[in-house]
> 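The structure's right below; bear with me while I get my questions together.
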Protein chains: 2
Amino acid sequence: MKKKTLHPTLSHVAREAGVGTTTVSRVINGGHRVNPETLARVRRVIERLGYMPNQAARTLKGHRTKTIGLVIPSIADPFFSSCAEAAQAIARANDSLVMLTVTSNDPRTEMENLDLLIRHRTDGLLIVPANSQSQILRDLLERVAVPVVAIDRPVSDSSIASVVCDNFKGAITGTQHLIDHGYKRIVCLTGESTLYTIRERMRGYRKAMEQAKLNCIIDSSVKDYKSAEYAIKSLLDGPSPPDAIFATKNSTTIHAFEVLQRLNIPVPQSIALLGFDDFELASTVRPPISVIQQPVEEIGRRAAEILFDQLLDERGAASPASRHPVQVKLQTRLIQRASCGCTPPTP
Amino acid sequence: MKKKTLHPTLSHVAREAGVGTTTVSRVINGGHRVNPETLARVRRVIERLGYMPNQAARTLKGHRTKTIGLVIPSIADPFFSSCAEAAQAIARANDSLVMLTVTSNDPRTEMENLDLLIRHRTDGLLIVPANSQSQILRDLLERVAVPVVAIDRPVSDSSIASVVCDNFKGAITGTQHLIDHGYKRIVCLTGESTLYTIRERMRGYRKAMEQAKLNCIIDSSVKDYKSAEYAIKSLLDGPSPPDAIFATKNSTTIHAFEVLQRLNIPVPQSIALLGFDDFELASTVRPPISVIQQPVEEIGRRAAEILFDQLLDERGAASPASRHPVQVKLQTRLIQRASCGCTPPTP
DNA sequence: CTGTTAGCGCTTTCAC
DNA sequence: GTGAAAGCGCTAACAG
């Protein structure tokens with residue numbers, strides 16, 4: 001019942017087993033070059049005492065902490081939670097723990113988190129930068145003594161490794177698809193236009209529209225249901241109402257859909273809808289919503305893999321400088337459902 | 001461009017500043033009892049060198065690691081990711097980092113994770129036990145030298161603090177609501193019936209049905225869309241098809257809904273649906289789905305708060321044993337939407 | 001107010 | 001095959 005207040009230490013074990021600390025150390029590190037009998041005896045004592053090596057002490061001897069830091073905007077967001085899940089899986093496969101921190105996309109919080117993580121001497125850092133352009137962030141990241149991999153958004157003008165989606169091309173594909181359907185007045189609905197991903201998607205939208213010689217209509221006021229409702233109503237009541245919506249992110253797509261549904265505006269008959277980023281019930285709602293899908297899980301996985309690669313050959317490699325900066329760009333996929341006007345086979 | 005390979009240490013700072021290590025230590029710990037001039041000078045050196053205290057060394061001196069361990073079944077699951085988000089917020093408010101691990105509800109993985117966390121000497125543990133009854137888990141947790149709080153599922157027959165929902169009462173409320181609507185043949189759809197939460201919900205369902213003198217119909221074969229389809233079709237084609245479905249968890253509710261929709265079975269006209277646990281688009285799909293809602297965010301928050309409370313008065317309190325074990329049970333709420341037969345006002 | 005000193009628990013030469 | 005001893009970076013007496 002009573003909890004042990006103190007953890008037994010390596011020297012406790014050594015004393016109990018009647019051996020030196022060196023031997024115990026060898027035992028807990030694989031038991032090589034130890035007499036089989038001694039080994040068995042020591043192991044028994046370890047078991048009996050419930051001894052567990054103190055990671056802090058190991059770390060202090062100049063070794064790895066066996067932890068990596070993960071800095072993301074939010075965990076509640078399914079996109080980032082999937083990244084996190086993948087990253088932690090890779091970490092565990094590498095016998096490491098993930099230190100989780102969230103920034104809410106606030107640069108100040110982000111710096112605080114990084115500071116804390118660095119104090120804890122994480123072996124590496126996985127980060128979704130709140131602001132791709134931030135000078136201070138870039139400086140900190142380049143000066144840090146550990147490998148860093150940026151996720152979802154690159155760190156501009158730096159050699160920091162990154163794994164991002166081709167948001168630009170994805171947005172072109174989506175917008176083009178709407179254009180191919182014959183829509184002429186395609187509005188781009190968006191919010192938080194300071195984020196790298198959103199800006200890239202808007203850029204893609206513009207590119208596709210210009211190429212088709214259509215007018216860009218951009219409304220970047222959508223933050224929640226209320227603002228989406230206001231935006232869509234205004235657009236619809238305007239002089240030349242849009243015939244299609246390209247939503248630049250998950251939540252915007254959902255809000256737009258809810259508004260249209262509430263207003264009893266038939267989709268895609270009166271207005272079509274296509275969103276960037278897939279979501280759980282996109283194929284379940286009526287009509288099913290067409291989207292540009294990102295390889296969410298792959299983003300987190302690849303990023304973590306790259307990080308551990310760097311960690312691995314930092315240890316052995318004679319050429320730590322020879323590694324080119326890794327800049328992975330993952331492709332998106334157009335998922336044709338019904339909201340854009342397509343009539344996909346019932347899956 | 002070149003990364004500093006080594007972190008400067010406290011004694012580097014001391015030498016540079018021409019003071020002793022004690023002084024530097026005092027400075028980084030608040031700067032009390034230090035001559036203002038000395039303090040300023042030391043701070044300047046710290047700044048210049050980019051010095052950051054090594055947490056491992058502090059830990060070794062017997063101090064807190066300023067980390068807590070979080071052990072959850074999955075991060076991709078919105079329920080747990082919300083808990084995690086709340087927990088990490090509380091941790092950050094207490095200047096601590098969260099070590100994230102996921103178990104996939106596998107007891108073996110769970111033990112491995114705990115082992116790793118204990119090696120890292122986290123100050124406390126937040127855990128969603130894969131198996132509430134596990135003897136070994138209980139033993140480990142009671143023997144561990146740090147506070148533990150169980151989330152979502154208690155650890156049976158132990159004094160371990162926990163924050164869970166009143167799943168039993170919630171299920172009674174939900175089932176009773178269906179009964180009040182006049183449904184007679186209410187089927188309970190479920191899967192993974194080994195989990196504490198699911199079992200409690202099934203118990204609640206049974207209780208309500210028995211009280212109303214109705215026959216229990218339980219199908220616990222639902223794991224995915226396929227199995228849901230098979231289960232529902234079988235039920236519907238049976239001798240006395242159900243007129244209502246009580247789904248014991250999020251994903252089961254969704255799968256059931258998808259099946260009914262695919263089969264063009266009108267809800268709630270032909271069959272009503274009510275699920276346990278709310279989800280993002282529950283009010284957006286048609287018909288909107290009635291659910292028993294859990295205070296998800298509160299669960300994570302309360303658990304973390306309790307953990308840090310214990311941490312706090314472990315430090316000061318003369319009566320560490322006087323603390324009663326905390327067993328919080330949070331109440332659920334019935335959210336009446338349309339799928340159960342209600343006609344809620346358009347929100 | 002400030003410096004000296006002794007470890008915290010572990011790994012790692014270097015002898016035996 | 002095994003042990004003694006020297007630290008890793010930091011804090012906390014204990015003297016000045």
Side-chain angles (χ1 to χ4, degrees), chain A residues 4-43 45-46 49-67 116 118-123 145 315, chain B residues 4-43 45-46 49-67 116 118-123 145 315:
Chain A
K4 300 191 166 183
T5 303
L6 268 4
H7 289 270
T9 73
L10 182 145
S11 61
H12 288 153
V13 176
R15 202 173 313 135
E16 286 286 309
V19 299
T21 59
T22 312
T23 303
V24 180
S25 179
R26 286 210 184 93
V27 171
I28 63 178
N29 287 298
H32 305 298
R33 302 162 187 244
V34 175
N35 180 306
E37 287 179 19
T38 318
L39 187 123
R41 182 153 40 92
V42 173
R43 285 213 170 122
V45 175
I46 288 177
L49 264 43
Y51 167 76
M52 304 196 99
N54 181 330
Q55 182 61 45
R58 288 184 156 170
T59 298
L60 203 51
K61 281 304 291 182
H63 285 334
R64 294 252 155 88
T65 53
K66 294 285 193 181
T67 61
L116 203 49
I118 293 170
R119 284 166 190 265
H120 280 268
R121 301 290 191 269
T122 56
D123 298 331
R315 170 195 295 287
Chain B
K4 300 193 167 182
T5 303
L6 268 4
H7 289 271
T9 73
L10 183 145
S11 61
H12 288 153
V13 177
R15 202 175 312 134
E16 285 286 310
V19 299
T21 59
T22 313
T23 304
V24 180
S25 179
R26 287 208 183 94
V27 171
I28 62 178
N29 286 297
H32 305 298
R33 300 164 188 239
V34 175
N35 181 305
E37 286 179 21
T38 318
L39 187 127
R41 182 154 39 93
V42 173
R43 286 216 168 118
V45 176
I46 287 178
L49 264 44
Y51 166 76
M52 305 196 102
N54 181 328
Q55 182 62 43
R58 286 183 159 169
T59 298
L60 203 51
K61 281 301 292 182
H63 286 331
R64 292 254 155 87
T65 52
K66 293 284 192 182
T67 61
L116 202 49
I118 293 170
R119 284 166 191 266
H120 280 269
R121 301 290 191 267
T122 56
D123 298 332
R315 171 198 291 291

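In this text the structure is predicted, and so the values were computed from the model without any measurement. Letters A, B, ... are given to chains in the order of the sequence lines, protein chains preceding strands, and every chain is numbered from 1.
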> Can you tell me how far C1' of C/dT2 sits from CD of B/E37, to the nearest Å?
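Atom-to-atom, B/E37 to C/dT2, this comes out as 14 Å.
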> Rounded to whole Å, please give me the gap between CG in B/L60 and C1' in C/dC10.
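After rounding, the gap between these two atoms is 8 Å.
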> Rounded off to whole Å, could you give me the CG-to-P distance for the B/N35 and C/dT2 pair?
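About 5 Å, once rounded to whole Å.
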> If you find the nucleotide of DNA chain C closest to B/G20 and the one closest to B/G62, which residue's nucleotide is nearer the 5' end?
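On the 5' side of the pair lies B/G20.
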> Rounded to the nearest angstrom, tell me the gap between atom CZ in A/R33 and atom P in C/dT11.
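Roughly 16 Å, once rounded to whole Å.
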> Would you give the length of the straight line joining atom OG1 of B/T59 to atom CG of A/L60, rounded to the nearest 0.5 angstrom?
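The OG1 atom of B/T59 sits 9.5 Å away from the CG atom of A/L60.
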> For B/H12 and D/dG9, what is the distance between atoms NE2 and P respectively, to the nearest whole Å?
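Distance, rounded to whole Å: 7 Å.
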> Please tell me if the side chains of A/Y51 and A/I28 come closer than 4.5 Å, counting only heavy atoms from C-beta onward.
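Yes; the side chains approach each other to less than 4.5 Å.
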> Between atom NZ in A/K66 and atom P in C/dC10, what is the gap in whole Å?
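That distance rounds to 16 Å.
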> So, the side chain of B/R121 versus the backbone of B/I118: is there a donor-acceptor pair under 3.5 Å, distance only?
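At least one qualifying donor-acceptor pair exists.
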> Looking only at side-chain N and O atoms, does A/T23 come under 4.0 Å of OP1 or OP2 in D/dG3?
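The answer is yes; a side-chain N or O of A/T23 sits under 4.0 Å from OP1 or OP2.
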> Please check this pair: side chain of B/R41 against backbone of B/A17, looking for a donor-acceptor N/O pair closer than 3.5 Å.
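Indeed, once roles are kept as given, a pair shorter than 3.5 Å links the two residues.
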> To the nearest 0.5 Å, tell me how far A/H120 NE2 sits from B/R58 CZ.
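The NE2 atom of A/H120 sits 9.0 Å away from the CZ atom of B/R58.
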> Please report, rounded to the nearest Å, how far the C1' atom of D/dG9 is from the CG atom of B/L49.
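Computing the B/L49:CG to D/dG9:C1' distance gives 15 Å.
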> I need a per-nucleotide contact map over nucleotides 10-16 of chain D, read 5' to 3'. Cutoff is protein heavy atoms under 4.0 Å; write B for the base, S for backbone only, - otherwise.
BBBB---
> Walk me through it: do B/V13 and B/E16 pass the test side chain to side chain contact (heavy atoms under 4.5 Å, CB included)?
CA-CA 5 Å; B/V13 177; B/E16 285 286 310; 5.8 Å; no
> Report the distance from atom NE2 of B/H32 to atom C1' of C/dT2, rounded to the nearest whole Å.
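B/H32 atom NE2 is separated from C/dT2 atom C1' by 17 Å.
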> Given B/R43, which of B/V34, B/V27, B/T38, B/V24 fulfils the side-chain contact (heavy atoms from CB on, under 4.5 Å) condition?
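Answer to the side-chain contact (heavy atoms from CB on, under 4.5 Å) test with B/R43 among B/V34, B/V27, B/T38, B/V24: B/V27.
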> At under 4.0 Å between heavy atoms, what does A/G31 touch on the DNA or RNA strands: base, sugar-phosphate, or nothing?
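If one applies the 4.0 Å heavy-atom cut-off, A/G31 turns out to touch nothing in the nucleic acid.
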